[in-house]
Amino acid sequence: MKVKFSIATIAAAMVIWFGNDYFFSHASEINHSPQTIKVVVTKVMAQNVPIQVKTIGTLSAKKAIDISPEIEGKIESILFQYGTKVKKGDLLYQLDSQLFQAQYSTAGSELHLSKLTYERNLRLMEKNIISKQSLDDAESEYNNKKHVLKELQIKLNKMAIKAPFSGIIGASQIDAGQYVDSGEALVKLFDNTSLIVKFSIPEQYFSQAAIDNKLIIYSDSLPEKQFFGKVSYIAPNIDTNTRTMTVWAEIENTDSILSPGLFVQVELVLGIKNDALFVPQTSLIPTIEGNDVFIVENGKAYKRSVKIAQMVGNTAEIVKGINVGDSVVTLGQEKLANGRNVELVSL
């Protein structure tokens, strides 16, 4: 029996055959067609940023001394409260000065008599009643008595031990009634209005560190405050054990908030780096060899290896791998592959 096919039937069969052939020949391409990934990007811009070194330092008083007597004697009285502020010239200790007071009184009387003798001889000499030698002897005695009185006055002054500068006085190391030797440490005096922070920085910054470089310090005991200063001393040598150099900086502490001995965080500014490139930390993809980022160009994402110079806050300075104007993916990169189609969205 002969089967008759209409033209329409034959045409439909050809469409089905060609359609199936196209589907199977392109099935792999259809199943693996790149999916468009939504991402957030940021434009890379050049910035001028400070070159900073962060380290730990220790505070010390710019002026701190042990108060000591210049002359031996017995402590008669102590005239300060420990831990309080004292002014320059305030009396701190009084040594027993009775012996010197008596000697001073006697020397004063002897000086007065020698002066009278000299003045009398001077009048007699004018009348040629006495010899020139007698006048010279009287003058010499008078000058000697003046010298003795002056020395006793100096000793009496040294019996009163005063503050050489204004500051905070410590606790007395001796009590009233004790006998002390000259040079014996009695109490410490600190000038807290100006402090020194001492710290070390790596030798790589040797050429950049300079007198008057500015810095900021922070203390854990005062987390809401920051203090400013500038470099006053740079060691001329490198420590061969630590490969660092010592730096001192002066810190203003007019309100005496900070105290000597405190550990502080130091941020030293060594200069300004021009045209530095930064990206958000969220754009970085850690790898075994370093870090990658995705750059979007013409609707596609491309992976690039980058080199990081430093981390500043929530950003990273990039010195290799990106250029000004690049669109760096900051969100959505976990789904990306090299060459994947992307759609830019805003947060």
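Quantities reported herein were computed from a predicted structural model and do not represent experimental measurements.
In this structure, Lys62 pairs ionically with Glu250, as a charged nitrogen and a carboxylate oxygen lie closer than 4.0 Å. Salt bridge absent: Lys132 and Glu126 never bring a charged side-chain N and a carboxylate O closer than 4.0 Å.
Results of the salt bridge (Lys or Arg N to Asp or Glu O under 4.0 Å) test with Glu70 over Lys158, Lys155, Lys162 single out Lys158 as the only residue that passes.
Geometrically, Lys225 does not engage Phe227 in a cation-pi contact, judged by NZ or CZ lying under 6.0 Å from the ring centre and within 45° of the ring axis.
When every heavy atom of Asp275 is checked against every heavy atom of Ala46, the shortest pair comes out as CA-CB, 3.8 Å. Here the closest heavy-atom approach between residue Gln173 and residue Ala185 is recorded as CB-O, 4.1 Å. Residue Ile130 comes nearest to Leu135 through the heavy atom pair CD1-N, 4.2 Å, listed as atom of the first residue, atom of the second, then distance. Scanning all heavy atoms of the two residues, the minimum distance from Leu149 to Gly108 falls at CD1-N, 3.6 Å. The two residues Lys198 and Ser60 have their closest heavy-atom pair at CE-OG, 3.5 Å. Ala61 approaches Phe190 most closely through the heavy-atom pair CB-CD2, 4.0 Å.
Atom CZ of Phe263 has 12 or fewer heavy atoms from other residues, nucleotides or ligands within 6.0 Å. More than 12 heavy-atom neighbours from other residues, nucleotides or ligands sit within 6.0 angstrom of CE on Met311. When the shell of 6.0 Å around OH of Tyr82 is examined, it contains 12 or fewer heavy atoms from other residues, nucleotides or ligands. Heavy-atom contacts from other residues, nucleotides or ligands closer than 6.0 Å to CG of Asn237 number more than 12. Residue Lys88 places its NZ atom among 12 or fewer non-hydrogen atoms of other residues, nucleotides or ligands, all under 6.0 Å distant. The local environment of CD in Glu334 is crowded, with over 12 non-hydrogen atoms from other residues, nucleotides or ligands closer than 6.0 Å. No more than 12 heavy atoms of other residues, nucleotides or ligands shown are found within 6.0 angstrom of CD on Glu289. At most 12 non-hydrogen atoms from other residues, nucleotides or ligands lie less than 6.0 angstrom from CD of Gln81.
Residues forming a ring-ring contact (aromatic ring centres under 6.0 Å, His included) with Phe199 (at least two apart in sequence, or on another chain): none. Looking at residues two or more places apart in sequence or on another chain, you find a side chain to side chain donor-acceptor pair (under 3.5 Å) between Tyr104 and Gln153.
Asn323 places no side-chain N or O within 3.5 Å of a backbone atom of Asp326 that could act as its donor or acceptor partner. Asp255 places no side-chain N or O within donor-acceptor distance of the main-chain N or O of Ile257, the cut-off being under 3.5 Å. With hydrogens and angles ignored, the 3.5 Å screen pairs a side-chain donor or acceptor of Gln333 with a backbone N or O of Thr282. Using modelled atom types, no side-chain atom of Glu119 and backbone atom of Leu116 make a donor-acceptor pair closer than 3.5 Å.
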Before you tell me yes or no, could you show the steps for Ser134 and Ser131 under side chain to side chain donor-acceptor pair (under 3.5 Å), namely the whole-Å CA-CA distance, both residues' side-chain angles and the distance that decides it to 0.1 Å? CA-CA 5 Å; Ser134 296; Ser131 66; 3.2 Å; yes
Using side-chain contact (heavy atoms from CB on, under 4.5 Å), reason through Met159 and Phe100 one step at a time and then give a plain yes or no. CA-CA 9 Å; Met159 305 298 278; Phe100 288 126; 3.9 Å; yes
I'd like to know whether Ser68 forms a side chain to side chain donor-acceptor pair (under 3.5 Å) with Asp66, so could you lay out the CA-CA distance, the side-chain angles of the two residues, the decisive distance to 0.1 Å, and finally the verdict. CA-CA 6 Å; Ser68 304; Asp66 286 316; over 6 Å; no
Using side chain to side chain donor-acceptor pair (under 3.5 Å), reason through Tyr118 and Glu141 one step at a time and then give a plain yes or no. CA-CA 8 Å; Tyr118 170 68; Glu141 181 68 12; over 6 Å; no
Output, in order, the C-alpha distance, side-chain angles, deciding distance and verdict of side chain to side chain donor-acceptor pair (under 3.5 Å) for Glu76 and Gln94. CA-CA 6 Å; Glu76 183 178 86; Gln94 178 62 58; 5.1 Å; no
Going through the distances and angles, do Leu92 and Ile78 end up as a side-chain contact (heavy atoms from CB on, under 4.5 Å)? CA-CA 6 Å; Leu92 304 178; Ile78 300 173; over 6 Å; no
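The closest side-chain heavy-atom distance from Asp220 to Gln265 is below 4.5 Å. Here the side chains of Ser200 and Thr242 are not in contact, with every heavy-atom distance at 4.5 Å or above. Put simply, the side chain of Tyr302 reaches to within 4.5 Å of the side chain of Glu297, judged on heavy atoms. With a 4.5 Å cut-off on side-chain heavy atoms, Ile65 and Lys188 do not count as touching. The shortest side-chain heavy-atom distance between Val180 and Ile174 falls under the 4.5 Å cut-off.
The hydrophobic clustering, which links ILVMFWY residues whose side-chain heavy atoms are closer than 4.5 Å, places Leu195 and Ile169 apart. Under the 4.5 Å side-chain heavy-atom criterion for grouping Ile, Leu, Val, Met, Phe, Trp and Tyr, Val342 is not connected to Leu331 through any hydrophobic cluster.
Between Phe80 and Tyr93, the ring planes lie perpendicular to each other; the angle is over 60°, past the 30° to 60° tilted range.
The distance from atom OG of Ser283 to atom CD1 of Ile295, rounded to the nearest 0.5 Å, is 8.0 Å. Rounding to the nearest 0.5 Å gives a distance of 10.0 Å between CG of Asp90 and CG of Leu189. Atom-to-atom distance recorded for Leu268:CG and Asn213:CG is 5.5 Å, nearest 0.5 angstrom. For the atom pair CD1 of Ile129 and CG of Leu124, the computed distance is 5.0 Å after rounding to the nearest 0.5 Å. The CG atom of Leu270 sits 12.0 Å away from the CD atom of Glu267 when rounded to the nearest 0.5 Å. Atom CG in Leu344 sits 12.0 Å away from atom NZ in Lys38 (nearest 0.5 Å).
Ser327 and Lys43 form a side-chain donor-acceptor contact under 3.5 Å, judged by distance and modelled atom types alone. With hydrogens and angles left out, the side-chain atoms of Lys303 and Asn338 include no donor and acceptor closer than 3.5 Å.
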